[in-house]
Amino acid sequence: MVRHIERILLLICVCWITVTCTEPFDFEAEEFEDILVIDANITNENKRQEVFLSRTQSSAEDEVVLVSGAVVSVEDDLGTVYQFQEMEAGRYVSDIDFGAVQGREYRLRVRTNDGGSYTSDPAVL
């Protein structure tokens, strides 16, 4: 019986501590960093490849910020350049069908209309 009472008292204490020690926490980011997000998956399938561009946003916003007006291309290690055209805000599609070839290196290049220039490290299929 004593063990039963001890357990009940322990449970009451834990509940009381949980309820009384909770304080609301208002999160405020001190600094927001605007970062370009590049979503590209170049495959070995011979097709028009796609690249999607967007920007990070503060945690208070729910919308995706799509990037328009960029110049997008993929270059292989032989110097062939595949240009991409903007089909809709944030979505860029290659001008021609192509597929990545095994053993070749590819580099993605993006130049945004705000002057940013980005080049990926070489990637091999």
Side-chain angles (χ1 to χ4, degrees):
M1 181 71 170
V2 173
R3 297 287 284 167
H4 186 66
I5 292 174
E6 287 177 351
R7 289 182 181 172
I8 291 174
L9 287 175
L10 180 62
L11 180 62
I12 290 172
C13 287
V14 168
C15 290
W16 180 77
I17 290 171
T18 303
V19 171
T20 59
C21 291
T22 305
E23 293 182 27
F25 176 73
D26 293 324
F27 174 76
E28 291 184 27
E30 293 181 15
E31 188 176 314
F32 172 70
E33 197 170 348
D34 182 19
I35 297 174
L36 178 66
V37 177
I38 301 173
D39 181 7
N41 187 20
I42 307 302
T43 69
N44 63 346
E45 186 179 350
N46 193 33
K47 66 175 189 173
R48 292 195 181 219
Q49 306 291 334
E50 294 184 327
V51 174
F52 298 90
L53 303 179
S54 60
R55 290 212 171 267
T56 57
Q57 56 194 354
S58 68
S59 60
E61 299 176 24
D62 290 332
E63 293 180 16
V64 174
V65 179
L66 302 173
V67 175
S68 290
V71 176
V72 178
S73 64
V74 170
E75 183 177 350
D76 67 18
D77 54 357
L78 298 178
T80 305
V81 178
Y82 303 96
Q83 297 292 334
F84 287 66
Q85 298 300 317
E86 185 174 9
M87 301 309 278
E88 57 193 59
R91 180 175 167 251
Y92 296 80
V93 178
S94 61
D95 288 344
I96 62 170
D97 294 353
F98 76 97
V101 176
Q102 189 170 354
R104 301 258 299 276
E105 289 185 348
Y106 295 88
R107 228 182 252 274
L108 176 67
R109 298 182 191 279
V110 175
R111 191 174 70 239
T112 58
N113 61 2
D114 64 359
S117 182
Y118 308 88
T119 303
S120 71
D121 290 333
V124 178
L125 179 66

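The OG atom of Ser73 sits 8.0 Å away from atom CZ of Phe84, with the distance rounded to the nearest 0.5 Å. Note that the CG atom of Asp95 and the CD atom of Gln49 stand 12.5 Å from one another [nearest 0.5 Å]. Rounding to the nearest 0.5 angstrom, the gap separating the OG atom in Ser54 from the CG atom in Leu36 is 7.5 Å.
Among residues two or more places apart in sequence or in another chain, the ring pair (Phe, Tyr, Trp, His ring centres under 6.0 Å) test is passed with Tyr106 by none. Under the salt bridge (charged side-chain N to carboxylate O under 4.0 Å, His left out) criterion, Asp97 pairs with Arg48, sequence neighbours left out. Take Arg104 and apply the salt bridge (charged side-chain N to carboxylate O under 4.0 Å, His left out) test, not counting sequence neighbours, and it matches Asp76, Asp77. In terms of the salt bridge (charged side-chain N to carboxylate O under 4.0 Å, His left out) criterion, residue partners of Glu50 (sequence neighbours excluded) are, by chain and number, Arg91.
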Run the side-chain donor-acceptor check on residues 113-125: report pairs under 3.5 Å with partners two or more places apart or on a different chain.
{"from": "Asn113", "atom 1": "ND2", "to": "Ser68", "atom 2": "O", "distance (Å)": "3.2"}
{"from": "Asp114", "atom 1": "OD1", "to": "Thr112", "atom 2": "OG1", "distance (Å)": "2.3"}
{"from": "Asp114", "atom 1": "OD1", "to": "Gly116", "atom 2": "N", "distance (Å)": "3.2"}
{"from": "Asp114", "atom 1": "OD2", "to": "Arg55", "atom 2": "NH2", "distance (Å)": "3.2"}
{"from": "Thr119", "atom 1": "OG1", "to": "Arg109", "atom 2": "NH1", "distance (Å)": "3.4"}
{"from": "Ser120", "atom 1": "OG", "to": "Leu108", "atom 2": "N", "distance (Å)": "2.9"}

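Under the 4.5 Å side-chain contact rule for hydrophobic residues, Tyr92 and Val37 do not share a cluster. One hydrophobic cluster, built from ILVMFWY side chains closer than 4.5 Å, holds both Ile96 and Val72. Grouping the Ile, Leu, Val, Met, Phe, Trp and Tyr side chains by contacts below 4.5 angstrom, directly or via other members, places Leu53 with Ile42. Val101 and Phe98 fall within a single hydrophobic cluster, where Ile, Leu, Val, Met, Phe, Trp and Tyr side chains are chained together by heavy-atom contacts under 4.5 Å.
Not a single donor-acceptor pair under 3.5 Å links the side chain of Glu75 to the backbone N or O of Arg107.
Taking Ile, Leu, Val, Met, Phe, Trp and Tyr as hydrophobic and joining them when side-chain heavy atoms fall under 4.5 Å apart, one finds Val93 in a cluster with Met87.
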Requested in this report: Please lay out, stage by stage, how Val67 and Val65 fare under the test side-chain contact (heavy atoms from CB on, under 4.5 Å).
Outcome: CA-CA 7 Å; Val67 175; Val65 179; 5.8 Å; no
